Amino acid sequence: MPDHESIRRLRACAQALAGGARKASAVTVVRRVLAIQAQDATAADLGIRVRGRDITAQAIRTAYEKERSIVRNWYMRGTLHTIPSDDARWVLQLLSPADPCRNQPPLPATGPGR
């Protein structure tokens, strides 16, 4: 059975945080890990840059806004994920609830006596 340090190394490599798996563009970084989860743009950008090789903030903005090679959306659990735009449709179909109202809290009761 692997020790804790071996497990940490394996997890870091799987998440492209170690092991020399640095990619040269924002889209290749995101494709390598499928998705970068972050609740704000700065954190998402840092998640991409830490996994990349010499990727600038401007290169990431270009990937979002001009190339449109990566997109950010609420794909699961109400958290934002950045994914390759080529994967957006199938990921959304896979992770969307069959009944979108099923995951919503009930509306508050209104009217007299409530």
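The structure displayed is predicted, hence computed values, not measured ones.
- Closest non-hydrogen pair, D40 versus R72, comes out as C-NH1, 4.3 Å.
- The main-chain N or O of I55 is found under 3.5 Å from a side-chain atom of R49 such that the two form a donor-acceptor pair.
- What you find for W90 and L34 is that their closest heavy atoms are CZ2-CD1, 4.3 Å.
- R31 pairs by the salt bridge (Lys or Arg N to Asp or Glu O under 4.0 Å) definition with D86, not counting sequence neighbours.
- In terms of heavy-atom proximity, A38 sits nearest to A44 at CB-N, 3.4 Å.
- Annotation for A26 and I60: closest pair CB-CG1, 4.2 Å, computed over non-hydrogen atoms.
- L92 and I83 fall within a single hydrophobic cluster, where Ile, Leu, Val, Met, Phe, Trp and Tyr are joined by side-chain heavy atoms under 4.5 Å apart, directly or via other members.
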### Message
side chain to side chain contact (heavy atoms under 4.5 Å, CB included), that's the test. Do I36 and R51 meet it? Break it down for me.
### Response
CA-CA 10 Å; I36 302 287; R51 291 168 171 88; 3.8 Å; yes
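- Residue L10 holds its CG atom at 10.0 Å from CD of E5, rounded to the nearest 0.5 Å.
- Within the model, atoms OH of Y75 and OG1 of T82 stand 8.5 Å from one another, a figure rounded to the nearest 0.5 Å.
- Residue-environment remark: CG (D54) stays at or below the threshold of 12 foreign heavy atoms within 6.0 Å.
- Residues that satisfy the salt bridge (Lys or Arg N to Asp or Glu O under 4.0 Å) test with D45, not counting sequence neighbours, are R61.
- Heavy-atom minimum distance, C13 versus R32: O-NH2, 2.9 Å.
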### Task
Evaluate side chain to side chain contact (heavy atoms under 4.5 Å, CB included) for I70 paired with I48, printing each intermediate quantity in order.
CA-CA 11 Å; I70 57 177; I48 293 169; 4.1 Å; yes
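- Here the shortest heavy-atom pairing between A88 and V71 reads CB-CG2, 4.0 Å.
- Taking CG from D87 and NE2 from H81, the interatomic distance works out to 13.5 Å, rounded to the nearest 0.5 Å.
- At distances below 3.5 Å, at least one donor-acceptor pair connects side-chain atoms of Q39 with backbone N or O atoms of L80.
- From R53, atom CZ reaches atom OG of S25 across 9.5 Å, with rounding to the nearest 0.5 Å.
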